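Computed over heavy atoms, backbone and side chain alike; hydrogens, waters and symmetry mates excluded. Because the structure is a prediction, the values reported are computed rather than measured.
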Amino acid sequence: MASTPTEATDPHCLRAGESARLLAGHPWRRFVVLGDSVAEGLCEPVDGYPDVQWADRIAAELDAARPGLAYRNLGLRGLRAHEVRAAQLGPAVEFGPDLALVVCGGNDAFRQGYDADAVDAELAAIVTGLQSAGADVVTVGMFDVSHSPAVPERLRESLGERMRRLSAHTRALGERLGTLHVHLTDHPAVADPGLYSTDGRHGSARSDAIAAAETIRRLGAHLAGPGRRAPGRG
């Protein structure tokens with residue numbers, strides 16, 4: 001019988017020293033987070049994983065690699081994409097970020113009347129507003145929560161279709177606008193029931209640990225990209 005993983009043994013989580021190598025010499029000094037409950041951080045505890053939500057993990061790793069990071073999380077549960085733009089874009093721009101994480105649209109996709117084009121328009125306005133303010137923007141295709149055991153079987157198929165459509169649209173928008181996109185929807189662990197909270201809408205501490213690892217790896221790939229210095233080098 002396979003043992004239950006902990007963060008130290010989980011093959012999908014950061015390995016010792018990995019974050020420091022990937023983020024060495026990173027340029028970011030002001031990190032802002034916008035979005036819904038996923039951004040806010042409703043992290044359901046799991047044995048073997050620290051009870052630290054995704055965005056806080058990213059901020060901690062950025063600060064460890066280069067101390068003195070200014071960090072603000074504007075995320076608030078229950079918001080739809082248009083509400084995130086209306087309530088959070090202004091304060092985020094006023095913060096003066098050079099790195100922003102945007103996570104929204106999930107509350108729209110939970111509704112039967114999900115309008116993908118309308119969500120795209122709101123997300124594009126958020127992304128371009130942040131980019132115009134000088135920020136690198138991270139967008140996300142989230143884990144498909146329809147795999148959660150707490151989602152009723154009769155709702156699973158339609159919810160999964162909407163969540164995957166949201167993810168595909170966000171990925172395409174990220175490619176068009178030049179965001180640093182983190183695609184979690186097809187992650188190898190996506191169907192693992194231990195990734196999800198008991199409310200059927202959110203992730204667990206394990207999903208936050210994996211999401212943070214994938215985000216750090218995406219930032220590291222960006223830093224090591226063409227025309228940029230390799231991580232760990234001067």
Pairing of Asp208 and Arg57 as salt bridge, 4.0 angstrom limit: no

Electrostatic pair Glu122-Arg80, nearest N-O below 4.0 angstrom: no

What distance do [X] atom [atom1] and [Y] atom [atom2] have between them, rounded to the nearest 0.5 Å?
X	Y	atom1	atom2	value
Arg15	Arg21	CZ	CZ	12.0 Å
His82	Asp108	NE2	CG	7.5 Å
Leu22	Thr215	CG	OG1	12.0 Å
Glu61	Leu23	CD	CG	7.0 Å
Thr6	Asp47	OG1	CG	10.5 Å
His169	Asp120	NE2	CG	5.5 Å

Return yes if some donor-acceptor pair links the side-chain N/O of [X] with the main-chain N/O of [Y] below 3.5 Å, else return no.
X	Y	value
Asp51	Ala205	no
Ser207	Ser204	yes
Arg30	Phe95	yes
Ser167	Met163	no
Asp98	Ala135	no
Thr185	Phe143	no
Arg85	Leu123	no
Glu214	His183	no
Arg66	His26	yes

State yes or no: do [X] and [Y] share one hydrophobic cluster built from I, L, V, M, F, W and Y residues joined by side-chain heavy-atom distances below 4.5 Å, directly or via other members?
X	Y	answer
Leu180	Leu177	no
Leu34	Leu173	yes
Val102	Leu74	yes
Leu184	Val46	no
Met142	Tyr114	no

Trace of the side-chain contact (heavy atoms from CB on, under 4.5 Å) decision for Arg111 with Arg162: CA-CA 9 Å; Arg111 297 167 177 256; Arg162 294 194 303 275; 5.9 Å; no

What are the two closest heavy atoms between [X] and [Y], and how far apart are they?
X	Y	answer
Leu79	Asn107	O-ND2, 2.8 Å
Ala133	Val93	CB-CG1, 4.0 Å
Ser19	Ile216	OG-CG2, 3.8 Å
Cys13	Glu7	CB-O, 3.8 Å
Asp63	Leu69	OD1-N, 2.9 Å
Leu166	Ala109	CD2-CB, 4.0 Å

Parallel, tilted or perpendicular: ring planes of Tyr71 versus Phe31, cut at 30 and 60 degrees: parallel

Parallel, tilted or perpendicular: ring planes of Trp28 versus His222, cut at 30 and 60 degrees: parallel

Stepwise side-chain contact (heavy atoms from CB on, under 4.5 Å) test for Thr179 and Thr170: CA-CA 10 Å; Thr179 70; Thr170 304; over 6 Å; no

Between [Y] and [X], is there a side-chain heavy-atom distance shorter than 4.5 Å?
X	Y	answer
Leu223	Pro27	yes
Leu219	Val138	yes
Leu62	Leu99	yes
Val140	Val38	no

Arg77 atom CZ: more than 12 heavy-atom contacts under 6.0 Å: no

